[in-house]
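Numbered from 1 within each chain, the chains take letters A, B, ... in sequence-line order. Every value quoted in this text rests on a predicted model; they were computed, and no experiment measured them.
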Amino acid sequence: MEKSGNRDNCFFSRVYEVTRLVPGGRVTSYGAIARYLGTGRSAIMVGWALNKSFSQSPFVPAHRVLNRNGLLTGKRHFGTSTAMQQLLENEGVKVENDKVVEFKKIFWDPSAELNKP
DNA sequence: ATTCTGACAGCAA
DNA sequence: TTTGCTGCCAGAA
């Protein structure tokens with residue numbers, strides 16, 4: 001598969017790929033993706049990459065990526081304050097007070113799911 | 001080249 | 001318990 005030497009376009013592209021792998025109705029966290037990418041604690045980089053994802057095609061479900069609290073921290077980048085929430089609710093994810101309900105239950109960890117035998 | 005920022009996470013007080 | 005600072009990585013000025 002991918003070699004560990006692809007440092008050029010790896011990070012951002014990988015973030016997009018992993019984010020697209022998140023099933024509808026599920027959500028993941030920056031730290032989970034970061035860990036899957038091998039950056040571990042640099043979860044902030046995932047958010048930075050997702051910021052660029054708005055120019056990416058196809059659409060990257062960045063609304064499925066939240067912080068470890070299950071909070072819609074990135075909703076402010078969606079243009080409107082309700083856009084991210086609307087997208088999540090459209091997929092069956094309940095959001096209350098800018099926070100995902102049952103976050104742990106719908107949490108999708110790429111490090112676990114993609115590494116699953 | 002150096003410095004700061006950034007949709008976070010972890011640890012200390 | 002909550003609040004705040006530091007650490008992390010990569011990109012932009």
Side-chain angles (χ1 to χ4, degrees):
Chain A
M1 291 304 206
E2 265 63 16
K3 298 274 177 84
S4 317
N6 296 348
R7 291 194 175 86
D8 297 69
N9 59 343
C10 78
F11 210 88
F12 281 43
S13 296
R14 286 185 191 214
V15 173
Y16 309 143
E17 288 182 66
V18 175
T19 304
R20 283 184 219 143
L21 291 173
V22 179
R26 300 283 169 146
V27 293
T28 188
S29 68
Y30 304 96
I33 296 175
R35 190 174 67 155
Y36 176 72
L37 296 177
T39 42
R41 296 161 186 164
S42 301
I44 192 172
M45 276 306 313
V46 178
W48 193 269
L50 288 175
N51 186 345
K52 224 174 108 184
S53 73
F54 287 92
S55 293
Q56 297 302 312
S57 192
F59 173 71
V60 179
H63 57 274
R64 294 177 190 160
V65 187
L66 318 166
N67 71 349
R68 69 181 180 92
N69 297 308
L71 245 175
L72 282 60
T73 47
K75 73 171 195 161
R76 46 200 233 147
H77 291 275
F78 277 74
T80 60
S81 303
T82 53
M84 189 175 189
Q85 180 172 337
Q86 289 292 291
L87 287 167
L88 287 169
E89 291 186 326
N90 186 29
E91 295 184 339
V93 178
K94 295 178 182 177
V95 180
E96 247 177 73
N97 193 11
D98 298 335
K99 177 174 162 290
V100 172
V101 182
E102 312 282 283
F103 173 64
K104 293 182 180 178
K105 294 183 180 178
I106 64 175
F107 180 75
W108 186 85
D109 187 345
S111 297
E113 301 301 308
L114 301 179
N115 200 16
K116 181 172 53 180

A.B. asks: Show the nearest heavy-atom pair for residues A:F11 and A:T39, with the distance to one decimal.
C.D. replies: CE1-CG2, 2.5 Å

A.B. asks: Got A:R35 and A:D109 here, is their nearest side-chain heavy-atom distance under 4.5 Å?
C.D. replies: yes

A.B. asks: Compare all side-chain heavy atoms of A:R20 with those of A:P61 and state whether any distance is below 4.5 angstrom.
C.D. replies: yes

A.B. asks: Heavy atoms, side chains only, cut-off 4.5 Å: are A:L71 and A:D98 in contact?
C.D. replies: yes

A.B. asks: Restricting to pairs with a member in residues 85-112 of chain A, which pass ring pair (Phe, Tyr, Trp, His ring centres under 6.0 Å), not counting sequence neighbours?
C.D. replies: A:F103-A:F107

A.B. asks: If we only count heavy atoms from C-beta on, is the A:E89 to A:T82 side-chain gap below 4.5 Å?
C.D. replies: no

A.B. asks: All N/O contacts under 3.5 Å from nucleotides 3-5 of chain C to the protein, with atom names and distances to one decimal?
C.D. replies:
none

A.B. asks: Going 5' to 3' along DNA chain B, which nucleotides are the first and last within contact of chain A (any atom under 4.0 Å from a heavy atom)?
C.D. replies: B:dG6 to B:dG10

A.B. asks: Could you check which residues of residues 30-37 of chain A get a heavy atom under 4.0 Å from DNA chain B? Sort them by number, please.
C.D. replies: A:Y30, A:G31

A.B. asks: Identify the two heavy atoms, one from A:A43 and one from A:A34, that lie closest to each other, and give their separation to 0.1 Å.
C.D. replies: CA-CB, 3.6 Å

A.B. asks: Among A:V22, A:L88, A:V65, find the residue that satisfies the side chain to side chain contact (heavy atoms under 4.5 Å, CB included) test when tested with A:V27.
C.D. replies: A:L88

A.B. asks: Kindly state which residues belonging to residues 66-73 of chain A come within less than 4.0 angstrom of DNA chain B, counting heavy atoms of the residue only, listed by number.
C.D. replies: A:N67, A:R68, A:T73

A.B. asks: Name all pairs fulfilling the ring pair (Phe, Tyr, Trp, His ring centres under 6.0 Å) condition that reach into residues 70-94 of chain A, sequence neighbours left out, sorted by first residue then second.
C.D. replies: A:F54-A:F78

A.B. asks: Rounded to the nearest 0.5 Å, what separates atom CG in A:N51 from atom CZ in A:F12?
C.D. replies: 8.5 Å

A.B. asks: Between A:T28 and A:P110, is any pair of side-chain heavy atoms under 4.5 Å apart?
C.D. replies: yes

A.B. asks: Quick one: does A:L72's side chain get under 4.5 Å of A:V100's, heavy atoms only?
C.D. replies: yes

